[in-house]
Amino acid sequence: MVETNLILLGPPGAGKGTQAERLQADFGLAHISTGDMLRAQRAAGTDLGREAEKYMNAGELVPDEVILGMIGLRIAEQDAREGFLLDGFPRNTAQADALSKTLADSGRRLTAALLIDVPDQEVVRRLAGRRVCSKSGHVYHVEFDPPKREGVCDQDGSRLIQRDDDKEETILRRLEVYARQTSPLINYYEQAGLLRRFDGQRDPDEVHDHIRATVATLRLEDEL
Ligand code: AP5
């Protein structure tokens, strides 16, 4: 079977993590979120986590050398050899070039870059209301996708928390960083013939149906 290697692109709060959880279940791909990896390092109190925290809390990108080292190791792991879903990476053209090179060096390639489009004012609403399970990382929204019991995860009963970078001032900075550093990747992957666009303003189930149908078609085409 041909590997399916995907990138989820889109502004903060577009729904990348929400869709990644579903697509991972659909296609059995390794979900690789650089944000989650950095938060795990921070929670473990490692040097890398402490260094990354300064940038994350300011809404800035963590330096490329930190991210590239982490990603290079992760996509070479056994589960990711059978296909991966990158969430939050690449975030600038230097990271995208490094990814292409790493994949080409090992005879691998990207299947598609999936762009979830959402306007800035919607991002602010979404991130200000986001709550995350302190144990599993499952994502909720106080208005659009509330848990059955306020402040408690439906899946495992753990406490729901608000991310440190989901304060309005930091959200606005993250949007600026996305516009300046990450959005040029839309053209980058369009030029490479890999870009697929999705309307992220629809209901999460509808967004999921569209992405799933597109990925299923791409996998069929690859197998022909
Ligand atoms: P990261 O964790 O990657 O954050 P992000 O890209 O800003 O994305 P988010 O996780 O905030 O949003 P999402 O698109 O996953 O949305 P979600 O599904 O949660 O990065 C954090 C930081 O780490 C960066 O700022 C940077 O410092 C550092 N970093 C990470 N990767 C890096 C890299 N490669 N290089 C350098 N630095 C890096 O949904 C959001 C909310 O909306 C939820 O409440 C959800 O319930 C709700 N929602 C989702 N879909 C819908 C819908 N369709 N309708 C209504 N509500 C919805």
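Computed from a prediction, not measured in an experiment: that's the story for all the values here. Whatever order the structure lists ligands and atoms in, that order sets their numbers, starting from 1.
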Could you give all pairs that pass the ring pair (Phe, Tyr, Trp, His ring centres under 6.0 Å) test and reach residues 14-59, with sequence neighbours left out?
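The answer is none; no pair qualifies.
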
List in chain and number order the residues that pass side chain to side chain contact (heavy atoms under 4.5 Å, CB included) with S183, two or more places apart in sequence or in another chain; answer none if no residue qualifies.
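Expected list: Y178, I186.
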
So, are D205 and R22 salt-bridged, with charged N and O less than 4.0 Å apart?
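Salt bridge present between D205 and R22.
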
Will you find, in the side chains of D203 and H208, an N or O donor that is under 3.5 Å from an N or O acceptor?
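Their side chains do not contain a donor-acceptor pair, so the 3.5 Å distance test is not met.
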
Criterion salt bridge (Lys or Arg N to Asp or Glu O under 4.0 Å) against E60, the qualifying member of R173, K54, R180, R91:
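Of the listed options, the one satisfying the test is R173.
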
If you count only heavy atoms, which residues are under 4.0 Å from ligand 1?
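For ligand 1, the contacting residues are P11, P12, G13, A14, G15, K16, G17, T18, T34, G35, L38, R39, M56, E60, L61, V62, I67, G88, F89, R91, Q95, R126, L127, R130, V139, Y140, H141, F144, R163, D165, R174, G200, R202, D203, P204.
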
In the hydrophobic clustering (ILVMFWY, side-chain contacts below 4.5 Å, transitive), which residues join L160, or is it alone?
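Under the 4.5 Å side-chain rule, L160 groups with Y140.
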
